[in-house]
Amino acid sequence: DKSKPNFAPSGLLAAATNTVKAVDGTSTVLKYNEPPEARKPFLGWRLYVFKGSEQVELLHIHRQSAYLIGRDRTVADIAIDHPSCSKQHAVIQYRHINEKDEFGGSKGAIKPFIIDLESTNGTHVNDEKIPTSRYYELKASDVIKFGQSTREYVLLHDEA
């Protein structure tokens, strides 16, 4: 008996296109692909990084459509060094979505979302754990925490 051919996707082609090679020859497969509705934002979004009550960093996150957050410095746009955080922990993604206005018409808007990339210790927005592998809409003044890290990332934009 010959076994039937298996035409199911193996994931090898996606792995080949999602691989980032480092200078030392090692390679990393990205866990995340940008969706077709990905856009660069018009507003100047910023992340204010706090350790305790002291601001330690200011990140301008409006220059590209997505920011990968994690411990792996070869692929992460925003590096976090806490051991409870995953190598590819989460992504802040700007997406173009259609909203209904008060008159029932539709208008487009570019909004920030965060997606947890099945990290071990999770991602928290306003002290609430967000579901993994799901886009979670971010609003101005949201407080984001990664894993067990005590650093807080406060999201604001130019008009906030």
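Computed over heavy atoms, backbone and side chain alike; hydrogens, waters and symmetry mates excluded.
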Novice: Using 0.5 Å steps for rounding, measure from the OH atom of Y67 to the CD1 atom of I78.
Specialist: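 Y67 OH to I78 CD1: 7.5 Å, rounded to 0.5 Å.
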
Novice: What about I115 and V125, same hydrophobic cluster or not, with Ile/Leu/Val/Met/Phe/Trp/Tyr joined at side-chain heavy-atom distances under 4.5 Å?
Specialist: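 Shared cluster, no.
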
Novice: Taking the side chain as C-beta and beyond, is there a heavy-atom pair between Q64 and I92 under 4.5 Å?
Specialist: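 Not touching, per the 4.5 Å side-chain cut-off.
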
Novice: Please report the interatomic distance NE2(H82) to CD1(I80), rounded to the nearest 0.5 Å.
Specialist: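 Going from the NE2 atom of H82 to the CD1 atom of I80 covers 9.5 Å.
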
Novice: Is a donor on one side and an acceptor on the other found under 3.5 Å between the side chain of H89 and the backbone of G122?
Specialist: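 The answer is yes, because a donor-acceptor pair under 3.5 Å joins these two groups.
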
Novice: In the structure I gave you, are the side-chain heavy atoms of K40 and I110 within less than 4.5 Å of one another anywhere?
Specialist: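 Not touching, per the 4.5 Å side-chain cut-off.
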
Novice: When you group the ILVMFWY residues by side-chain heavy-atom contacts below 4.5 Å and let the links chain together, are Y135 and L138 in the same group?
Specialist: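 No, L138 and Y135 fall in different hydrophobic clusters.
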
Novice: Consider only side-chain heavy atoms of I, L, V, M, F, W and Y, link residues closer than 4.5 Å, and tell whether L58 and I144 are in one cluster.
Specialist: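 Shared cluster, no.
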
Novice: V91 and side-chain contact (heavy atoms from CB on, under 4.5 Å): which partner among I114, L117, I69?
Specialist: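 Testing each of I114, L117, I69 against V91, the sole residue satisfying side-chain contact (heavy atoms from CB on, under 4.5 Å) is L117.
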
Novice: Quick one: closest heavy-atom pair of Y32 and P35, and the distance?
Specialist: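 Minimum heavy-atom separation between Y32 and P35: OH-CD, 3.4 Å.
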
Novice: Is it true that L47 and I130 fall in one hydrophobic cluster, defined by side-chain heavy atoms closer than 4.5 Å?
Specialist: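 L47 clusters together with I130.
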
Novice: So, E118 and S133: side-chain donor and acceptor under 3.5 Å apart, yes or no?
Specialist: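 Their side chains do contain a donor-acceptor pair, which is all the 3.5 Å distance test asks for.
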
Novice: Has N98 got more than 12 heavy atoms of other residues, nucleotides or ligands less than 6.0 Å from its CG?
Specialist: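 Result for CG/N98: enclosed.
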
Novice: How close do N121 and S84 get, heavy atom to heavy atom, and via which atoms?
Specialist: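 Distance-wise, the nearest heavy atoms are ND2-O, 2.7 Å.
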
Novice: Could you tell me the separation between the OG atom of S119 and the CZ atom of R71, rounded to the nearest 0.5 Å?
Specialist: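 Those atoms lie 11.0 Å apart.
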
Novice: Would you give me the side-chain donor-acceptor pairs under 3.5 Å for residues 147-160, sequence neighbours excluded?
Specialist:
from	atom 1	to	atom 2	distance (Å)
S149	OG	R151	N	3.2
H157	ND1	E159	N	3.0
H157	ND1	A160	N	3.4
D158	OD1	R46	NH1	2.7
D158	OD2	G44	N	3.1

Novice: What pair of heavy atoms forms the shortest contact from Q55 to Y48, and how long is it?
Specialist: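 So the two residues come closest at NE2-CD2, 3.5 Å.
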
Novice: May I ask you to list the residues sharing a hydrophobic cluster with F103, side-chain cutoff 4.5 Å, ordered by chain and number?
Specialist: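 Via sub-4.5 Å side-chain contacts, F103 links to none.
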
Novice: Assigning hydrophobic clusters by single linkage (Ile, Leu, Val, Met, Phe, Trp, Tyr; side-chain heavy-atom cutoff under 4.5 Å), is V49 placed with V143?
Specialist: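 No, V49 does not connect to V143 through the hydrophobic network.
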
Novice: Please report the closest heavy-atom contact between F146 and C85, naming both atoms and the distance.
Specialist: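 It is O-SG, 3.4 Å.
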
Novice: Return the NZ to CD distance between K51 and E57, rounded to the nearest 0.5 Å.
Specialist: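 Atom-to-atom, K51:NZ and E57:CD are 12.0 Å apart.
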
Novice: For E99, does the CD atom have more than 12 heavy-atom neighbours from other residues, nucleotides or ligands under 6.0 Å away?
Specialist: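 Counting other residues, nucleotides and ligands, CD of E99 exceeds 12 neighbours.
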
Novice: The test is side chain to side chain contact (heavy atoms under 4.5 Å, CB included); show your working for I61 and Y94 and say whether it passes.
Specialist: CA-CA 10 Å; I61 56 164; Y94 294 101; 3.5 Å; yes

Novice: Is there a donor-acceptor contact under 3.5 Å from the side chain of Q93 to the main chain of S65?
Specialist: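 Yes; at least one donor-acceptor contact below 3.5 Å.
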
Novice: Under the salt bridge (charged side-chain N to carboxylate O under 4.0 Å, His left out) rule, collect the residues that match up with R39, sequence neighbours excluded.
Specialist: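 Scan of R39 (salt bridge (charged side-chain N to carboxylate O under 4.0 Å, His left out), adjacent residues dropped) gives none.
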
Novice: Closest heavy-atom contact between S86 and T120?
Specialist: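 For S86 versus T120, the nearest heavy atoms are OG-N, 3.3 Å.
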
Novice: Can any side-chain N or O of D77 pair as donor or acceptor with the backbone N or O of L68 at less than 3.5 Å?
Specialist: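 Checking the backbone N and O of L68 against the side chain of D77, a donor-acceptor pair under 3.5 Å is found.
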
Novice: Closest approach of R73 and A79, non-hydrogen atoms and distance?
Specialist: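 So the minimum-distance heavy-atom pair works out to NH1-CB, 3.3 Å.
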
Novice: At what distance, to the nearest 0.5 angstrom, does OG1 of T123 lie from NZ of K145?
Specialist: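 It comes to 12.5 Å.
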
Novice: When you compare the side chain of L43 with that of H62, does any pair of heavy atoms fall below 4.5 Å?
Specialist: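 No. Closest side-chain heavy atoms not under 4.5 Å.
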
